[in-house]
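Please read the structure below before turning to the comments.
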Amino acid sequence: MQYWLFKSEPNCYSIDDMKRDKKTLWDGVRNYQARNFMREMRVGDRGLFYHSSTIPAGVVGTVVVSKNALPDLTQFDPKSDHPDPKSNPADPRWDCVELTFDTMLSRTVTLNEIKQKKAFSHLQLVQKGNRLSVLPVDKKHYDQIIKMAQ
DNA sequence: GCCAACGTTGGC
DNA sequence: GCCAACGTTGGC
């Protein structure tokens, strides 16, 4: 089983939305590295749900991968937020996975406190300039962040 | 294949 | 809103 982190701006899609919807397609991702990580995901993988571009930014909940990667249909919809006219329907460029709500953390584990712990220095999330919206996390770090919320 | 210009992300 | 970082695009 692998562990991941999913970023979302809460005014776009928050952990509360995730809880209400129970499951959602993680579509709209238009970054090759993030897409490749989604292609590696398998049903049952765990994920941290992270709120970005908000104060404070941080981990707010957990999710489970409930469907392996499948074509992201929003790329072919001119009315979607991220249409990609260059993507060929016979060989779609962008994929998404389905996520299912797991838990809401009892408090936000902020980026700031994660940065302050030396144990997290190799976490891609805390390395400067990180703009990846989907990234892998070690089980160790995943467990530790959940523990910090308690 | 290089690289400048440009657009987007995300913390603050 | 600012700005640094960095991915993408496109001309050559």
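Each chain gets a letter, A, B and so on, in the order the sequences are listed, and its residues count up from 1.
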*Check the pair W26(A) / F49(A) against ring pair (Phe, Tyr, Trp, His ring centres under 6.0 Å), numbers first and verdict last.*
CA-CA 12 Å; W26(A) 207 251; F49(A) 195 103; 5.6 Å; yes
For the pair made of [atom1] in [X] and [atom2] in [N], what is the distance, rounded to whole Å?
| X | N | atom1 | atom2 | result |
| --- | --- | --- | --- | --- |
| N112(A) | dC12(B) | CG | C1' | 11 Å |
| N130(A) | dG7(C) | CG | P | 9 Å |
| H51(A) | dT9(B) | NE2 | P | 17 Å |
| R93(A) | dT8(C) | CZ | P | 10 Å |
| I55(A) | dG11(B) | CD1 | C1' | 8 Å |
| R35(A) | dT8(C) | CZ | C1' | 14 Å |
| Q124(A) | dG10(B) | CD | C1' | 16 Å |
| L135(A) | dT9(B) | CG | P | 15 Å |

_Set out, in order, the CA-CA distance, both residues' side-chain angles and the distance that settles side chain to side chain donor-acceptor pair (under 3.5 Å) for Y13(A) and D21(A), then state yes or no._
CA-CA 11 Å; Y13(A) 195 84; D21(A) 295 345; 2.6 Å; yes
*asked:* Between S52(A) and E9(A), do the side chains contain a donor N or O and an acceptor N or O under 3.5 Å apart?
replied: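 No donor-acceptor contact under 3.5 Å links the two side chains.
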*Under 4.0 Å between a side-chain N/O of K7(A) and OP1 or OP2 of dT9(B), yes or no?*
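Answer no for this pair, as no side-chain N or O of K7(A) is under 4.0 Å from OP1 or OP2.
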*Between K86(A) and dT8(C), does any side-chain N or O lie under 4.0 Å from OP1 or OP2?*
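No.
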[options]: which one has an atom nearest the side-chain heavy atoms of [X]?
| X | options | result |
| --- | --- | --- |
| Y32(A) | dC6(C), dT8(C), dG11(B) | dT8(C) |
| N31(A) | dG10(C), dG7(C), dG11(B) | dG7(C) |
| A57(A) | dG7(C), dG10(C), dG11(B) | dG11(B) |
| R131(A) | dG10(C), dG11(B), dT8(B) | dT8(B) |
| K115(A) | dG11(B), dG10(C), dT8(B) | dG11(B) |
| S52(A) | dG10(B), dT8(C), dG10(C) | dG10(B) |

*What salt bridge (Lys or Arg N to Asp or Glu O under 4.0 Å) pairs are there with at least one residue in residues 68-79 of chain A, not counting sequence neighbours?*
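Salt bridge (Lys or Arg N to Asp or Glu O under 4.0 Å) check on residues 68-79 of chain A returns R30(A)-D72(A).
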*State, to 0.1 Å, how close N68(A) and R42(A) come at their nearest heavy-atom pair, and which atoms those are.*
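Reported closest heavy-atom pair: OD1-CA, 3.2 Å.
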*Indicate, with a heavy-atom threshold strictly under 4.0 Å, whether L111(A) touches base, sugar-phosphate, or nothing.*
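Result for L111(A) = sugar-phosphate.
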